[in-house]
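Note: hydrogens, waters and symmetry copies are ignored here, and every other heavy atom, side chains too, is used. We count residues from 1, following the sequence as given. Ligands are counted one by one from 1 in listed order, and the atoms in each one are counted from 1 as well.
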Amino acid sequence: MAGEFGTQFMPQMTISEYDGKWSDVKTVDSDKISLHPGAHVYHYASTCFEGLKAFKHKDGSVNVFRMDKNIERFRQSSELLYLPPLDLTITEQMIRSIVSQYRDDVPEPPASMYIRPTHIGTEAAIGKAADPSDTSLLYVLLSPVGDYFSGGEASLRILLDDIGVRCGPDHGMVKGGGNYASALKHIMRAKHEHNAQQVLFCPNGDIQETGAANFILVDGDTVLTKALDDSFLHGVTRESILTLARDRGLKVEERDIGVDELLERCAKPGTEAGLSGTAAVLAAVTTFIYKGKEYQVGSGEPGPQIRNMRAELNAIQWGDAEDVHHWLQSI
Ligand SMILES: *Cc1c(COP(=O)(O)O)cnc(C)c1O
């Protein structure tokens with residue numbers, strides 16, 4: 001796939017507008033929308049989105065991974081932002097319709113078709129800084145994406161930040177634009193001052209997540225990750241990886257992990273750390289930076305456990321392993 005992840009788009013998208021009710025779904029050119037410059041989204045960040053993927057299988061079928069989970073999270077993000085209520089059936093119809101239109105363009109694994117449903121507040125009302133937008137626009141963009149690991153296996157350098165916060169502590173489970181904008185200043189500082197690729201936010205010394213991925217630690221046959229609460233985004237990849245780990249008989253501990261415990265465990269040779277999300281599935285973290293010091297994770301190289309977990313999930317997504325949990329929805 002030419003260009004960077006997410007810079008190439010299919011020429012059309014599906015849209016529906018809300019003005020008291022959802023309009024019939026239309027398919028339109030995807031290179032522009034027309035909005036009043038006073039639209040709520042431009043001023044008060046009434047916007048949320050989803051990210052999921054469609055995969056081409058060897059039998060020619062096209063399958064979307066965990067569409068129901070992503071649509072439900074999209075509904076929840078819209079609700080928490082006081083955007084008009086999402087209609088789950090219309091949203092699914094919009095995804096199915098546009099993926100179906102471009103089914104021949106869904107690339108073969110390890111590439112896939114990334115699906116980006118987006119919901120924005122459109123009311124031209126700059127007086128509504130403390131009120132929701134009464135109207136909104138929903139659209140579903142498609143972007144063919146290549147192999148995230150084509151440049152070789154990731155081995156990420158991550159800054160542990162126990163001072164900055166990604167977003168308001170009660171807003172973490174919203175996949176909304178404002179959260180990414182507010183995390184940027186910490187991420188840019190980590191890049192410039194520490195040559196780190198991402199920040200792992202650790203408010204009050206508790207490991208939370210990075211700007212766009214969940215955190216998983218593997219120590220022997222134990223998988224550790226933060227338990228679900230309002231403070232961070234409940235990743236579909238995280239939940240899928242934990243389910244597969246339990247299936248394999250690994251012990252899964254969902255609980256708070258302190259920075260001290262993390263660094264202590266990282267000093268052991270077999271420990272592995274990873275970031276989970278739809279784009280990369282599961283990418284290895286090999287170095288943490290904390291208070292100016294560097295800490296190698298286990299051997300300092302991407303390890304077998306993280307690699308196996310990624311391969312296991314990919315095998316289901318790509319149609320190479322049985323989909324026992326019914327995670328794929330065929331288009
Ligand atoms: C999207 C996202 C994730 C990963 O979620 P998946 O459903 O696994 O793709 C994690 N954290 C944040 C902040 C995100 O935006």
Short side-chain donor-acceptor distance under 3.5 Å, Gln305 and Asn308: no
Could you go through ligand 1 and list every pair where one of its N or O atoms sits under 3.5 Å from a protein N or O, giving the atom names and the distance to one decimal?
{"from": "ligand 1", "atom 1": "7 (O)", "to": "Arg73", "atom 2": "NH1", "distance (Å)": "2.8"}
{"from": "ligand 1", "atom 1": "7 (O)", "to": "Arg73", "atom 2": "NH2", "distance (Å)": "3.1"}
{"from": "ligand 1", "atom 1": "7 (O)", "to": "Val236", "atom 2": "N", "distance (Å)": "2.8"}
{"from": "ligand 1", "atom 1": "8 (O)", "to": "Val236", "atom 2": "N", "distance (Å)": "3.3"}
{"from": "ligand 1", "atom 1": "8 (O)", "to": "Thr237", "atom 2": "N", "distance (Å)": "2.9"}
{"from": "ligand 1", "atom 1": "8 (O)", "to": "Thr237", "atom 2": "OG1", "distance (Å)": "2.6"}
{"from": "ligand 1", "atom 1": "9 (O)", "to": "Thr278", "atom 2": "N", "distance (Å)": "2.9"}
{"from": "ligand 1", "atom 1": "9 (O)", "to": "Thr278", "atom 2": "OG1", "distance (Å)": "2.6"}
{"from": "ligand 1", "atom 1": "11 (N)", "to": "Glu209", "atom 2": "OE1", "distance (Å)": "2.6"}
{"from": "ligand 1", "atom 1": "11 (N)", "to": "Ala213", "atom 2": "N", "distance (Å)": "3.4"}
{"from": "ligand 1", "atom 1": "15 (O)", "to": "Lys175", "atom 2": "NZ", "distance (Å)": "2.7"}
{"from": "ligand 1", "atom 1": "15 (O)", "to": "Tyr180", "atom 2": "OH", "distance (Å)": "2.3"}

query: Do the rings of Tyr295 and Tyr290 sit parallel, tilted or perpendicular, given the 30° and 60° boundaries?
result: tilted
- prompt: Taking only residues two or more places apart in sequence or in another chain, which ones pass side-chain hydrogen bond (donor to acceptor under 3.5 Å, both in side chains) with Glu153?
  reply: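 Glu153: side-chain hydrogen bond (donor to acceptor under 3.5 Å, both in side chains) contacts with Arg307, Arg310.
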- prompt: Mind checking what makes side-chain contact (heavy atoms from CB on, under 4.5 Å) contact with His43, not counting sequence neighbours?
  reply: Ile126
Residue list, ring pair (Phe, Tyr, Trp, His ring centres under 6.0 Å) with Tyr44, at least two apart or on another chain: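 Ring pair (Phe, Tyr, Trp, His ring centres under 6.0 Å) list for Tyr44, sorted by chain: His40.
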field: Carboxylate-amine/guanidinium proximity below 4.0 Å for Lys226 and Glu209
entry: no
